Structure formats: structure tokens, C-alpha cells
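All remarks here apply to the structure that follows.
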There are 2 protein chains.
Amino acid sequence: MPASRPLRADARRNRDALLSAARQAFLDGDADTHVEDIARSAGVAVGTLYRHFETREALIEEVYRKEVDDLCSAPADLLDQHAPDEALRRFLLLLVDHAAVGKGMSLVLESIMATDSPVFGDARNRMAEALGHLLAAGNAAGTLRGDVTGSTLLRALGGICNLRATEGWRDEARQITGLLLDGLRHITPPRA
Amino acid sequence: MPASRPLRADARRNRDALLSAARQAFLDGDADTHVEDIARSAGVAVGTLYRHFETREALIEEVYRKEVDDLCSAPADLLDQHAPDEALRRFLLLLVDHAAVGKGMSLVLESIMATDSPVFGDARNRMAEALGHLLAAGNAAGTLRGDVTGSTLLRALGGICNLRATEGWRDEARQITGLLLDGLRHITPPRA
DNA sequence: CCATAAGCTGAGTCTGATTCCGTTTGTGTA
DNA sequence: TACACAAACGGAATCAGACTCAGCTTATGG
């Protein structure tokens, strides 16, 4: 199923053009650019866009897949170089910075964290897993509580991505991650 | 501008019918019920709906205004009867329960917390203020850190409302509020 | 150079929200 | 009680945007 047949040259070109037109539009801040506009600025018709991407959302997901991949691969390195809770701290800051890439990215992260949209299911799972690694390591080291799963933490982080477009959101986001982190370091479980 | 003229009797009746039809629909779990359906089940035409509510969102806001009001009036009582951090804990649980009222409510809370939509600006401010009271009281009592504003906490809570429709979301939501609470009790600021 | 499958186009469909205007109906007044 | 008329109402029409599809175009393997 993977490489069914290596896309005709012009098709590949159009696909790339669409992807980069979409990326451009999203980074420019307009997260709800119309499909028509994306198609037009890629120099193709909507039909072509839909030939390559199931839906508008699928296109968005593709645009940010790389971003998400980067994020998900980070924990391994961080754990190599830092104590688990410090690694987690850095990961969360990384997350904030990624959200900073543009409104589009934060929108996507939001979708990943917040919704149950199957489109982002894959990304969501990988993110939850990444966080799970960090938490598990921290728990093994005795510095992080063990009753919180990666998935739960992911949900908890959902709020920080909504900060986009708010004055001083970046500091606020950092403060929130700090808050959560302190909560995670609070070993004694509140109650059985 | 307030009481421009006390609405004609039939108008008032229709308005109420619309509101309760909408509330019913939302509580039933379908947060994106179509305006047509709401109008129909209230026994009026869409035109009438729009005569009473600027937009679909405005209707939703109105439906939940009462809910939000209840929530916002709670801190005063809670502070009367409990220590500040306990009051905060209870308030957060209250929030979770309200989110439980129905998917609709959690959707609205989400909009309140997450977006900058002017429609919910009023509700957002009141919620932030409510949280601010609790935090300030806790800080005065020396049990809660003082570097987090109500608005920031509101943002941080944004994630819990996205849990709707997730298996076991309620426990997860409680866990997250617990996490934040523990973070808030962590007096020593992480770093200057 | 050809056959043909892969691609492309863009007008048209569909789903929903929102508008607009002709008709109906409460209600204050004579 | 009857009238006048602003307030309300109904609902077809309009708009907005995502998505589809029938017919045309063009790489590309032979």
C-alpha cells in the first residue's frame, strides 16, 4: 500500500506546490484560508487539491506532520542529556516554541490535543506516547508522580495552544507549563 | 438602551421557547444542532430566531449565560465556608461538574476559555475575575502562589473541557485540576 | 509516435447560516 | 369595540464554503 506507484512528475509538482502554498498561508496567520485560495495560489484548481488530499483537514495535517514529528522525536534526546524532570520541562518549552511557529501550528496542536478528530489521531497518539516516555522516566527516577498518563498530560496542555493571538501569550504559556510541572513534581498523591 | 420597551407578549414567548429548545438540544448532546432545527422545535421560523439573536453563537451564549453566572457567583460562598485553597479546589470540581452538564456546556466553556471570540468576552472576564478572587485569597493566606492570575488559570483550564466524548473523561478532568492545584500550592517560584 | 492511464479543470452540488420583505398580529387609543 | 400601526413573524432566497464529477489534457512506457 505505501508506494503504489511513484506519482507522475506533474502530479508530484502540484502536490508540493499545494503543500507549500498551504504552509505559507497558515504561517502567514490565516488559519482558515479557503481551499479555493490555497489551490489558486498553488496554481491549480480545487479538483486537483482534492485529488491529493481527502479533505481540507487532511491537507492541514500533512502540512504539520513534519512539525509534529520533530516534536515527537525530541524526548529521546532530551532524556539522554538531562534528568527526566528537566527533560520534561524542556520538552514543554519546546512545545510552546512550536506553537509559536504560527497560528496554524497552534491550531493544529490544539486539534491534536483537544479534539477526537480521527484525522489527528495518529499525531495525538505519538504525542501522548512521547509525553508518556518522559513521565515514566521521571517516575522511575522518583522525581515525578506516577499517576498521570501521557494522554492526560496532553489534554492538560490543550489550553496553552489557545493562547495564540493573546497579548503576552508566550509568557503565559510558559507559566502554565511551569504550573503543570510543579504539579507533576508533587509526588504525594492527593488521595487514594 | 436596556429596557427599550418590554417585548410584546408573543415575542417574549417565542424567545423563551427558542432558548429552551436550544438548551434542550445542547444538553441532549448535539452541540451543533442546526438553527433550523432549533427554530422548528421551538415552533417558529428561522427568521424569528434571527430576530431575537444576532447569530447562532449569540443564542448559544445566551443559553449558557445563566450557567456561567452560577459558576461565577460560587467563589464568594466557597470562600465564606472554606480555606482559600480548599475553596479553589471545590470551585474547580464545580467547573468539571458544570462541564458535565452536557457536551454543549463544555463546548461553551471551551469557547469561553479558549478563544478570543468577543461573543464570550464578557463571560470570560467574569470567570477570570472569579478565579482571581480565589487565587488572591489563597495568596493572602499564604497557601497559594501569587504569580498566577485568574486569566492565566482560566487558560490553563481550557484543556479540561476538550475531554468531552472521551472515555472516562471525568476522572481525567479531575486529575488535571488536581495537577494544577498542586502546582498552585507550590509556593516557591521555580526561578526568578 | 501512440495508446492510455494518470491528472487536471471548474462548473455544479450540498449543507448550513443569514437576510429580506410581504404578511400577520398584539396593543394602545378613541 | 374598532382602528392604526409598529412589532413580530414566516420562509423563500441568498450567500458562503467545502466537496464532487464528467469530460478534457498530457505524461510516459513501449
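If you're wondering where the values come from, they're calculated on a predicted model, not measured in any experiment. Chain letters run A, B, ... following the sequence lines, proteins first and then strands; every chain starts at 1.
The CZ-P distance, from A/Arg13 to D/dT26, rounds to 12 Å in whole Å. Between A/Glu57 atom CD and D/dC19 atom C1' the separation is 14 Å, expressed in whole Å. The nearest whole Å value for the distance from the CG atom in A/Leu59 to the P atom in D/dG17 is 17 Å. Taking atom CZ on B/Arg15 and atom P on D/dC9, their separation rounds to 11 Å, with Å as the unit. A/Arg40 has its CZ atom 13 Å from the C1' atom of D/dG17, to the nearest Å. Counting to the nearest Å, the P atom of D/dA18 and the CZ atom of A/Phe53 are 15 Å from each other. One atom, CD1 of B/Ile38, and another, P of C/dA17, lie 8 Å apart when rounded to the nearest Å. Across the protein-nucleic acid pair, B/His34 atom NE2 and C/dC14 atom P stand 16 Å apart, rounded to whole Å.
Comparing D/dA12, D/dG10, C/dG26 against the side chain of B/Val44 picks out D/dG10 as the nearest. Closest approach to the B/Asn14 side chain among C/dT19, D/dC19, D/dC9 is made by D/dC9 (side chain taken as heavy atoms from C-beta onward). Here the side chain of B/Ala11 is nearest to one of D/dA18, C/dA5, D/dA8, namely D/dA8. Considering only side-chain atoms of B/Val46, the nucleotide from C/dT19, C/dG10, D/dC9 that sits closest is C/dT19. Relative to the side chain of B/Val35, the nucleotides C/dG10, C/dA17, C/dT9 differ in distance, and C/dA17 lies closest.
In this structure, A/Thr48 does not reach the C/dG7 phosphate: none of its side-chain N or O atoms is under 4.0 Å from OP1 or OP2. When the side-chain nitrogen and oxygen atoms of B/Arg8 are compared with OP1 and OP2 of D/dA7, none of them lie within a distance under 4.0 Å. Note on A/Tyr50: every side-chain N or O is 4.0 Å or more away from OP1 and OP2 of D/dT20.
With hydrogens and angles disregarded, no donor-acceptor distance shorter than 3.5 Å links the side chain of A/Arg170 to the backbone of A/Val96.
The residue B/Arg56 sits close only to the backbone: its heavy atoms come under 4.0 Å of sugar-phosphate atoms, none of a base.
Considering B/Leu135, B/Leu79, B/Thr143 as possible partners of B/Leu88, the one that fulfils the side-chain contact (heavy atoms from CB on, under 4.5 Å) test is B/Leu135.
Both A/Glu36 and A/Arg51 lie close to DNA chain C; mapped to their nearest nucleotides by heavy-atom distance, the more 5′-ward contact belongs to A/Arg51. For B/His52 and A/Asp10, each mapped to the nucleotide of DNA chain D holding its nearest heavy atom, the one lying further toward the 5' end belongs to B/His52.
Salt-bridge check for A/Arg12 with A/Asp16: passed, with a basic side-chain N closer than 4.0 Å to an acidic carboxylate O. For A/Asp10 and A/Arg13, the salt-bridge test fails: no basic side-chain N is under 4.0 Å from an acidic carboxylate O.
By the 4.5 Å heavy-atom criterion applied to side chains, A/Asp69 and A/Arg65 are counted as neighbours.
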